[in-house]
Amino acid sequence: MGCAARVLELDPLEEVRRMAHEQLDQWLEQMRPLFEQEKPPTLLELSQHFTRTRQQLLGGVLQSLADAHYGHCARAIDGWKPRWRGWPRIRSTR
C-alpha cells in the first residue's frame with residue numbers, strides 16, 4: 001500500500017523545529033522541581049535527571065520528525081485493519 005505525496009504549507013524544517021521545541025519545553029517542565037528547591041541542583045542531580053529522562057526527550061523529538069514526514073501515511077491507513085484472523089495454524093509434520 002503506497003502513500004500519496006503531500007505538499008506542506010510550512011517549511012518542513014520549521015514544522016519539525018516547532019514540534020521538537022514543544023517536546024523540549026515539556027521535558028524542561030519536568031526539571032522545574034529541581035530548580036524550585038531551596039538550594040540549586042548539583043551537577044550530579046542534573047546529570048542523573050537527564051540520564052533518567054533523555055529517552056523520553058529524544059523519543060518525543062523522533063516522534064515529531066516521524067509525524068512531520070510520515071504522519072500523512074498514518075492518517076491514510078488509520079482505519080485500515082487486516083482481514084485475516086490470527087496467525088495461520090502450523091500443522092505438525094509427524
Side-chain angles (χ1 to χ4, degrees):
M1 171 182 269
C3 291
R6 69 182 175 124
V7 176
L8 290 177
E9 295 172 8
L10 298 173
D11 174 21
L13 183 59
E14 288 302 315
E15 179 66 9
V16 170
R17 180 175 286 132
R18 183 192 61 75
M19 295 167 76
H21 280 220
E22 287 177 9
Q23 293 296 323
L24 178 62
D25 286 343
Q26 290 174 13
W27 180 77
L28 287 171
E29 279 300 314
Q30 294 176 359
M31 294 185 78
R32 184 179 295 279
L34 289 174
F35 292 96
E36 291 177 342
Q37 301 177 62
E38 193 171 312
K39 293 169 47 175
T42 64
L43 184 56
L44 178 61
E45 289 174 318
L46 291 174
S47 177
Q48 288 172 338
H49 178 80
F50 186 83
T51 300
R52 278 193 315 271
T53 61
R54 69 181 170 202
Q55 186 174 5
Q56 181 181 0
L57 170 64
L58 296 175
V61 171
L62 180 59
Q63 183 68 49
S64 297
L65 287 165
D67 289 347
H69 289 287
Y70 305 107
H72 62 286
C73 290
R75 288 186 294 277
I77 62 171
D78 191 34
W80 180 82
K81 292 188 173 46
R83 293 188 179 153
W84 53 271
R85 298 186 190 275
W87 294 99
R89 296 186 189 271
I90 299 174
R91 294 186 180 165
S92 173
T93 57
R94 295 184 193 180

| request: Return yes when atom CD of Gln55 has more than 12 non-hydrogen atoms of other residues, nucleotides or ligands closer than 6.0 Å, and no otherwise. | output: no

| Linked hydrophobic residues, Phe35 as query - side chain contacts closer than 4.5 Å | Leu24, Trp27, Leu28, Met31, Leu34, Leu46, Phe50, Leu57, Val61

| Tell me the salt bridge (charged side-chain N to carboxylate O under 4.0 Å, His left out) pairs involving residues 22-33, sequence neighbours left out? | Arg18-Glu22, Glu29-Arg32, Arg32-Glu36

| What's the spacing between Glu15 CD and Ser64 OG if we round to 0.5 Å? | 9.0 Å

| said: Let me confirm one number: the CD-CG distance from Gln23 to Leu62, rounded to the nearest 0.5 Å. | reply: 10.5 Å

| Backbone of Thr42 reached by a side-chain donor or acceptor of Glu45 within 3.5 Å | yes

| said: Using a 3.5 Å distance criterion without hydrogens, assess whether the side chain of Thr53 forms a donor-acceptor pair with backbone atoms of His49. | reply: yes

